[in-house]
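The structure appears below as structure tokens.
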2 protein chains.
Amino acid sequence: MVILGIDPGFAIVGFGVLEADRGRQRLLRCGTITTPAGRPLPARLVQIEDDMSQLLETFRPGAMAVEELFFNNNVTTGIGVAQARGVILAAAERAGVPIFEYSPSQVKQAVAGYGKAEKRQVMEMTRRLLGLSAVPRPDDAADAVAIALCHARSSTSRLALLDPATPGSGRYAVRDRGGDFSR
Amino acid sequence: MVILGIDPGFAIVGFGVLEADRGRQRLLRCGTITTPAGRPLPARLVQIEDDMSQLLETFRPGAMAVEELFFNNNVTTGIGVAQARGVILAAAERAGVPIFEYSPSQVKQAVAGYGKAEKRQVMEMTRRLLGLSAVPRPDDAADAVAIALCHARSSTSRLALLDPATPGSGRYAVRDRGGDFSR
């Protein structure tokens, strides 16, 4: 199955496309959607929605994974990010792609094996797990790849649900504050 | 000119449609877009975007006015509202409708003449200014009408720019945290 990981933003949207097959993952593509800073926000949102539709059309993923949104740091930037996230979710819904949401600690746990892992540990484990020669660039793309990887590894861990020794077993996150994302 | 006022939300979007002509405003229609609570958020966002497009197609407004978003009270709800606002802005942009943004105090100032007016004062002045027999229902629709009224009255006040005695002169808000909304 192809998994699309998304790191939402209104200036930069990171994306990562993985092929996941029997517990192994391969990076197909990663990159960013960027919108020009001088452009009015509504035009940037339309561009993000159109580019997302293009991405979904090109790779036809079986699942889209997005990180949960927290507003700890900058609420002003957060509003812009949430608005962009709205059009990203709408684009995936229109494409009929199931959406899964993970918290930052779930991503860290699934990729680095530790929910409080540092960012560079997550990046390095992303590189290793995918057998890449370098960490994907820029950071937004690398974050998106880690989120896709989290979904791939969380999904396969479902198969190990009966094994209590497997950390993270069954932590198959399909929740959102606005409602259940599963169908 | 027809002005569409919008009070964004993911459960309820309030809308108000005014005809504004030479300093006089008439209410054409107001109401709400509601999305079912049990439905996953992405499906609700798509519905809001589609219903907004329908509304824009039906009334072909010359301007859309939206209230600025603040996250003072409930950040969790705020994320959902901001996501809905994203698809609302995108729908207006696709329809080629210029978007104007006002702060709550600008709406209060323009409608009730006092930036710290209470909600019921704003509602009552909305009723009086439009010559209605009752305040529009529900609150979300009434709020949207007040926002449209704010735009109508802020726009006409531009004509009084040279009159320093006119309060609010030239306070023609086209700002957003994410960039200038004017074109």
Spell out, yes or no, whether [X] and [Y] are grouped together once hydrophobic residues are joined by side-chain heavy atoms under 4.5 Å, including indirect joins.
X	Y	value
A/M125	A/Y114	no
B/V2	B/I33	yes
A/L27	A/V122	yes
A/I147	A/I12	no
A/L18	A/F100	yes

*asked:* Under a 4.5 Å cutoff for heavy-atom pairs, which residue among B/A11, B/A43, B/G80 has the most contacts with chain A?
replied: B/A43
By salt bridge (charged side-chain N to carboxylate O under 4.0 Å, His left out) - contacts of [X] (at least two apart):
X	result
A/R60	A/E57
A/D143	A/K119
B/E118	B/R120

*Mind checking the CD-CD1 spacing from B/E68 to A/I79? Nearest 0.5 Å is all I need.*
8.5 Å
*Nearest 0.5 Å, what's the CD-CG distance between A/Q83 and B/L89?*
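Between A/Q83 CD and B/L89 CG, I get 5.5 Å after rounding to 0.5 Å.
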*asked:* Given heavy-atom pairs under 4.5 angstrom as the criterion, report whether the side chain, backbone, both or neither of B/A84 touches chain A.
replied: neither
*Quick one: which residues of residues 47-56 of chain A reach chain B at under 4.5 angstrom, heavy atoms only?*
A/E49, A/D50
_A/V87 versus B/A90, closest heavy-atom pair with distance_ = CG1-CB, 3.9 Å
